[in-house]
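This report refers to the structure that appears directly beneath it.
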Amino acid sequence: MGVDFAISESGKIAIHPIRTREAFQQLKRVTSKEYKISCSFVGEVLEALRTQVPPRATVLGCVGLPFTLASYLVEGQTGVASGFPEVRSLIENNPK
């Protein structure tokens, strides 16, 4: 997606916030083929995990990803401690 970010030793995430439609439109669109190449490890990990759980168990990967990623991009950090004020404002004031 072309988003620069930093993760500290303590796990704190820092991202330059994306809070306008124009900034959002400048993000790189990634095709599924590009994703499969650059993030092939995700599928590999899930496949390996599948061999370790019972056959009828459900293996979920990145369940909270859409909101989590959106909150990182809009807040510029995790947003958990602050209650996601920028995400809430964006949802209320610019739902599209």
Side-chain angles (χ1 to χ4, degrees):
M1 290 177 39
V3 176
D4 290 326
F5 64 94
I7 302 176
S8 70
E9 289 291 325
S10 65
K12 187 171 183 171
I13 295 172
I15 299 172
H16 182 72
I18 296 171
R19 297 183 179 152
T20 65
R21 180 176 304 281
E22 293 77 20
F24 176 75
Q25 290 173 336
Q26 290 177 1
L27 292 176
K28 179 182 182 223
R29 302 295 187 247
V30 180
T31 67
S32 60
K33 184 177 181 180
E34 290 172 314
Y35 175 77
K36 287 179 184 178
I37 293 168
S38 65
C39 297
S40 61
F41 62 90
V42 174
E44 293 167 8
V45 168
L46 291 174
E47 287 176 19
L49 180 60
R50 169 51 65 207
T51 67
Q52 302 297 312
V53 298
R56 294 188 53 96
T58 301
V59 175
L60 301 175
C62 304
V63 174
L65 181 64
F67 180 79
T68 302
L69 180 58
S71 69
Y72 289 169
L73 292 174
V74 173
E75 298 291 337
Q77 58 187 349
T78 62
V80 173
S82 61
F84 308 100
E86 296 295 335
V87 172
R88 290 175 188 272
S89 175
L90 187 63
I91 290 169
E92 291 173 14
N93 300 319
N94 192 359
K96 289 183 181 181

Flag yes if [X] and [Y] sit in one hydrophobic cluster, no otherwise; membership is Ile, Leu, Val, Met, Phe, Trp, Tyr, and two members link when side-chain heavy atoms are under 4.5 Å apart.
X     : Y     : answer
Phe24 : Leu73 : yes
Phe41 : Leu49 : yes
Leu46 : Val53 : yes

Can you tell me how far the CD atom of Glu86 sits from the CD1 atom of Ile18, to the nearest 0.5 Å?
13.0 Å
Is it true that atom CG of Asn94 has more than 12 heavy atoms of other residues, nucleotides or ligands lying nearer than 6.0 Å?
yes
Check: Glu75 side chain, Val87 main-chain N or O, donor-acceptor pair, under 3.5 Å
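Here the side-chain-to-backbone pair exists.
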Atom of [X], atom of [Y] and distance for their closest heavy-atom approach:
X     : Y     : value
Ile15 : Asp4  : CG2-O, 3.9 Å
Gly76 : Pro17 : CA-CG, 4.1 Å
Arg29 : Gln25 : NH2-CA, 4.0 Å

